Amino acid sequence: MGDIGFAWKGSDCMRMLHEQDREAILRYVRKEPEMNLFLIGDLENFGVENETINFYLHEERNRWDFLILRFNRFFILYSQYEDYNAAEAAGFFRGREIDCISGKTVLLRKIAPAFPQWNLEFTDLSRCDRMKGSTEQPEGLVIRRLEKEDVAEAIDLLTNIEEFAKTYKKEERMEKIREMEKEMAKGSKVSVGGFLDGHMVSVASTSAENSESAMIVGVATALGYRGKGYASGVVRTLCRDCFERGKKYLCLFYSNPVAGKLYSGIGFEKLGSYGMLQ
């Protein structure tokens with residue numbers, strides 16, 4: 001299937017990729033598997049080309065210069081080279097309906113000047129190969145995997161937290177519930193919640209699950225319940241679940257020192273900077 005909804009005509013150096021290119025795509029992005037965890041997960045879970053996803057390749061100087069993934073209105077830009085053709089990449093994005101462009105910070109810095117209406121935000125990427133620290137869980141907190149009937153409560157928790165305001169908008173509540181239910185049913189997302197007296201106070205999920213790894217996302221604790229170790233408890237439980245299911249490593253993003261200290265105590269080590277242009 002083609003790139004539904006887009007009427008793009010690129011240069012002679014750029015082309016849409018197809019199913020027969022799957023292994024070549026994986027070889028290219030696995031040079032930096034952590035930075036490309038979302039890309040790898042989306043490829044394994046959704047394929048190479050359909051109404052949801054497309055891959056585009058720009059070739060020059062006898063190399064794969066850069067790769068772009070479209071996932072609905074979200075895009076990922078990746079290149080193995082810091083001197084990639086940023087002007088060509090910016091030209092590809094110009095005029096499209098885009099919610100966010102993400103990728104290595106060093107790559108996004110080069111296209112950001114072409115889009116002064118957007119902000120370039122940075123976050124730290126870290127990786128965990130093995131958990132460390134205490135396995136003791138917070139007293140009184142019941143931690144378990146979420147089921148379909150828990151999804152609405154999890155979305156409501158995230159919607160009411162300021163840090164997630166851009167991702168979980170109140171007017172999109174039902175859409176987010178359906179999206180999370182679909183991902184859980186498909187197996188591309190696992191969520192864990194922490195409960196006090198039957199009420200969810202903390203949550204964490206995986207995203208972009210693939211054959212080797214997963215991204216930990218949506219780590220949140222309701223206001224009034226923070227500083228009690230609840231987030232650490234649900235993340236530890238989720239990480240243990242992932243490793244027991246055979247994941248070789250896990251990644252996550254964080255943007256403040258408090259979160260960084262929490263994740264470091266679990267076993268995550270900082271790898272580099274990841275950016276989001278939106």
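Being a predicted model, the structure only gives us computed values, none of them experimental.
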_For Phe74 and Ser102: C-alpha separation, side-chain torsions, deciding distance, then whether side-chain contact (heavy atoms from CB on, under 4.5 Å) applies._
CA-CA 8 Å; Phe74 292 86; Ser102 61; over 6 Å; no
*Checking Ser188 side chain against Ala208 main chain: does a donor-acceptor pair fall under 3.5 Å?*
no
*Can you name the nearest heavy-atom pair linking Cys242 to Thr206, along with the distance?*
SG-CG2, 3.5 Å
*Below 6.0 angstrom between ring centroids: does that apply to Phe71 and Phe46?*
yes
*Around Glu171, counting heavy atoms of other residues, nucleotides and ligands shown, do more than 12 lie under 6.0 Å from its CD?*
yes
*Taking atom CG of Asp197 as the centre, report whether more than 12 heavy atoms of other residues, nucleotides or ligands fall under 6.0 Å from it.*
no
_Please find the pair of heavy atoms, one from Pro138 and one from Lys228, that lie closest to each other, and give the distance._
CB-O, 4.0 Å
*asked:* In terms of relative ring orientation, are Tyr263 and Phe268 parallel, tilted or perpendicular, with 30° and 60° separating the classes?
replied: perpendicular
*Under 3.5 Å: donor-acceptor pair, side chain of Asp21, backbone of His18*: yes
*Any chance you could lay out the side-chain hydrogen bond (donor to acceptor under 3.5 Å, both in side chains) test for Glu60 and Asn85, step after step, and finish with the verdict?*
CA-CA 9 Å; Glu60 66 175 40; Asn85 192 330; 3.1 Å; yes
*Could you tell me whether the side chain of Glu44 and the main chain of Ser211 form a donor-acceptor pair under 3.5 Å?*
yes
_Closest non-hydrogen atom pair between Leu157 and Met200, with its separation_ = CD1-O, 3.6 Å
*Which class fits the ring pair Tyr168 and Phe164: parallel under 30°, tilted 30 to 60°, perpendicular over 60°?*
perpendicular
_Strictly distance-based, threshold 3.5 Å: is any side-chain N or O of Ser202 a donor or acceptor partner for the main-chain N or O of Ala220?_
yes
*Any residue meeting side-chain hydrogen bond (donor to acceptor under 3.5 Å, both in side chains) with Glu34, in chain and number order, not counting sequence neighbours*: Arg127
*Carboxylate-amine/guanidinium contact Asp129 Lys248, below 4.0 Å*: no
_Can you tell me if Tyr249 has over 12 outside heavy atoms packed within less than 6.0 Å of its OH?_
yes
*For the pair Arg236 (side chain) and Ser134 (backbone), establish whether a donor and an acceptor sit closer than 3.5 Å, ignoring hydrogens and angles.*
yes
*Nearest-0.5 Å distance that lies between atom CD1 in Ile177 and atom NZ in Lys148*: 11.0 Å
*Is it true that the side chains of Ser205 and Glu183 contain a donor and an acceptor less than 3.5 Å apart?*
no
*Nearest 0.5 Å please: distance from the OG atom of Ser207 over to the CE atom of Met215.*
7.5 Å
*Just one of Tyr78, Tyr56, Phe55, Phe75 clears the side chain to side chain contact (heavy atoms under 4.5 Å, CB included) bar with Leu69, so which one?*
Phe55
*Arg63 to Tyr81 six-membered ring, cation-pi geometry met (6.0 Å, 45°)*: yes
*Does Trp64 belong to the same Ile/Leu/Val/Met/Phe/Trp/Tyr cluster as Ile40, with side-chain heavy atoms less than 4.5 Å apart forming each link?*
yes
_Cluster link Ile155 to Val219, ILVMFWY, side chain under 4.5 Å_ = no
*Cationic N near anionic O, under 4.0 Å, Lys110 to Glu82*: no
*asked:* Lys176 vs Asp156, test: salt bridge (Lys or Arg N to Asp or Glu O under 4.0 Å). Steps then yes/no.
replied: CA-CA 10 Å; Lys176 290 296 184 182; Asp156 288 341; over 6 Å; no
*Nearest 0.5 Å, what's the CE-OG distance between Met184 and Ser191?*
5.0 Å
_Side-chain ion pair, Lys104 and Glu32, N-O less than 4.0 Å_ = yes
*Would Val29 end up clustered with Tyr274 when hydrophobic side chains under 4.5 Å apart are linked, directly or stepwise?*
yes
_Does Glu136 have more than 12 heavy atoms from other residues, nucleotides or ligands lying within 6.0 Å of its CD?_
no
*Taking Ser264 for its side chain and Gly260 for its backbone only, find out whether a donor-acceptor pair lies under 3.5 Å.*
no
*asked:* Tell me whether Asp150 is salt-bridged to Arg144, with the criterion being a basic N under 4.0 Å from an acidic carboxylate O.
replied: yes
*Donor-acceptor pair, side chain of Asn45 and main chain of Asn210, under 3.5 angstrom*: no
*How are the rings of Phe253 and Phe38 set relative to one another: parallel (under 30°), tilted (30 to 60°) or perpendicular (over 60°)?*
parallel
_Quick one: does any side-chain atom of Ser255 pair with a main-chain N or O of Thr123 as donor and acceptor, under 3.5 Å?_
no
*Roughly how far apart are Asn54 CG and Leu17 CG, rounded to 0.5 Å?*
9.5 Å
*Could you check Val106, Ile111, Thr105, Leu107 and say which one makes a side chain to side chain contact (heavy atoms under 4.5 Å, CB included) with Arg109?*
Thr105
*Quick one: side-chain hydrogen bond (donor to acceptor under 3.5 Å, both in side chains) partners of Glu121, sequence neighbours excluded?*
Lys166, Gln278
_Could you report the tightest heavy-atom contact between Ala204 and Val234, atom names first, then the distance?_
CB-CG2, 4.0 Å
*Treating Ile, Leu, Val, Met, Phe, Trp and Tyr as nodes and any side-chain heavy-atom pair under 4.5 angstrom as an edge, say whether Val217 and Leu43 lie in one connected cluster.*
yes
*Rounded to the nearest 0.5 Å, what separation is found between the CG atom of Asn36 and the CD1 atom of Ile76?*
7.5 Å
*Crowding at CD, Glu139 (>12 non-hydrogen neighbours, <6.0 Å)*: no
*asked:* Closer than 4.0 angstrom, basic N to acidic O: yes or no for Glu19 and Arg22?
replied: yes
_If hydrophobic clusters are built by linking Ile, Leu, Val, Met, Phe, Trp and Tyr wherever their side-chain heavy atoms come under 4.5 Å apart, do Val203 and Val235 end up in the same one?_
no
*Taking the six-membered ring of Phe92, is the NZ or CZ of Arg96 close enough (under 6.0 Å from the centre) and on axis enough (within 45°)?*
yes
*What distance separates Cys128 SG from Phe243 CZ, expressed to the nearest 0.5 Å?*
4.0 Å
_For Arg70 and Glu51: C-alpha separation, side-chain torsions, deciding distance, then whether salt bridge (Lys or Arg N to Asp or Glu O under 4.0 Å) applies._
CA-CA 10 Å; Arg70 177 192 71 84; Glu51 67 277 3; over 6 Å; no
*Could you give all pairs that pass the salt bridge (charged side-chain N to carboxylate O under 4.0 Å, His left out) test and reach residues 265-278, with sequence neighbours left out?*
Asp124-Lys270
